[in-house]
Trainee: 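What follows is a structure written as structure tokens; I'll ask about it next.
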Amino acid sequence: MISELQSDYIKELFNVGMGAAASELSELINDEVFMSVPSFQLINWQQLTNTLGYQPNEAVTMVYVSMDGQLKGRGILIYPTTASLELAHRLSEDFSPLDDLTELEEEALSEISGIIINNIISTICKQLNVNAHTSLPICERGRWDSIAEKAIDIDTSHKIMFIGMYFSIKHKDLKGELLFLQDGETINELLTHTTNALKKMGVE
Amino acid sequence: MTRILIVDDSLTMRLYISTIAKQVRIDSDIILCASAEEAIPYIDEAFDYYSLDYTLPGMSGIELANKILHRHTIAKIVMVTGNKQEAVRSRCDAIKIAMIVKPDIEEPLITFFSEEKLT
């Protein structure tokens, strides 16, 4: 069981990590990045697919980073494809029509997602005093039903930390959904470290 | 009695900032609000210190700070935020309020709450 304080603090860590990422991104694109308050849920695969609400044939772009160490699992950003194309175009400064995700654009999208996921992992590791090594970001694009399981790549009976977050750049609403997937053992370890961090802060 | 208003959507942060405030101001009356809207009923009351989060559901921390300053022109306000973008810093500078970047907030908040009260 996860307590209200544990889930609140984990959400706050994602918020702070996203804040650090927004700062890095705003310097990269020379513009302000607006972000929402994230939501947090610990849910199973079926609940997640219901929450995300993608149709099996819906086109999405996913960028994922694998992590190992005390914080094992995967950080994933899911973008509806139109939004991801706009974002990639902004980053790659390519003003060609929004019809295809070129290699350059995939690279740009991987970069922005890597910045977001790595800033969040780094914040969690620092505040909870745990370690994690991360892979390079990998970008997959296609129908939801064909790439979801490949990107997620864990036993779907496990609990999933789902962080719903939204951000926008220069008044273009770009929606991204952020998922952190861990197995039960890692989630339990994360909760133990969360409790320790809260005790240290004098918040119990 | 020192009066402190803390606004943060995170319960953990509200309690943590309150704990830090009590280290400095043991005998204090602290009001905790989870949103700017929750803080609005207190806006006409005078507080010695205000700790506001920037990213809040609904009205932002900077909008709330502006409303507070409209009523209490020399209020001591600090923006405690994870959003350290230059644009955010500029907005705080424009209305002459301090900014503390999460997560390393304990020492700068102790300094803030140690500042002399206005009243």
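On a predicted model such as this, the values are computed, not experimentally measured, just so you know.
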Trainee: Do B/I97 and B/Y50 have side chains that get closer than 4.5 Å, going by heavy atoms?
Mentor: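 No. Closest side-chain heavy atoms not under 4.5 Å.
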Trainee: Side chain, backbone, both or neither: which part of A/L198 has a heavy atom under 4.5 Å from chain B?
Mentor: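 When you check distances to chain B, only side chain atoms of A/L198 fall under 4.5 Å.
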Trainee: Under a 4.5 Å heavy-atom cut-off, does chain A meet the side chain of B/T19, its backbone, both or neither?
Mentor: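 Just its side chain gets close to chain A.
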Trainee: Do A/L179 and A/Y64 touch side chain to side chain, with heavy atoms closer than 4.5 Å?
Mentor: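 Not touching, per the 4.5 Å side-chain cut-off.
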Trainee: With a 4.5 angstrom heavy-atom cut-off, is it the side chain or the backbone of A/E4 that approaches chain B, or both, or neither?
Mentor: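 Answer is side chain: those atoms of A/E4 sit under 4.5 Å from chain B.
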Trainee: So do the side chains of A/Y9 and A/L128 get within less than 4.5 Å of each other, counting heavy atoms only?
Mentor: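 A side-chain contact under 4.5 Å exists here.
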Trainee: Does A/E111 use its side chain to pair, donor to acceptor, with the backbone of A/E107 at less than 3.5 Å?
Mentor: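 No, A/E111 side chain to A/E107 backbone: no donor-acceptor pair under 3.5 Å.
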Trainee: Tell me, side chain or backbone of B/I20 under 4.5 Å from chain A's heavy atoms, or both, or neither?
Mentor: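 Answer is neither: B/I20 stays 4.5 Å or more from chain A.
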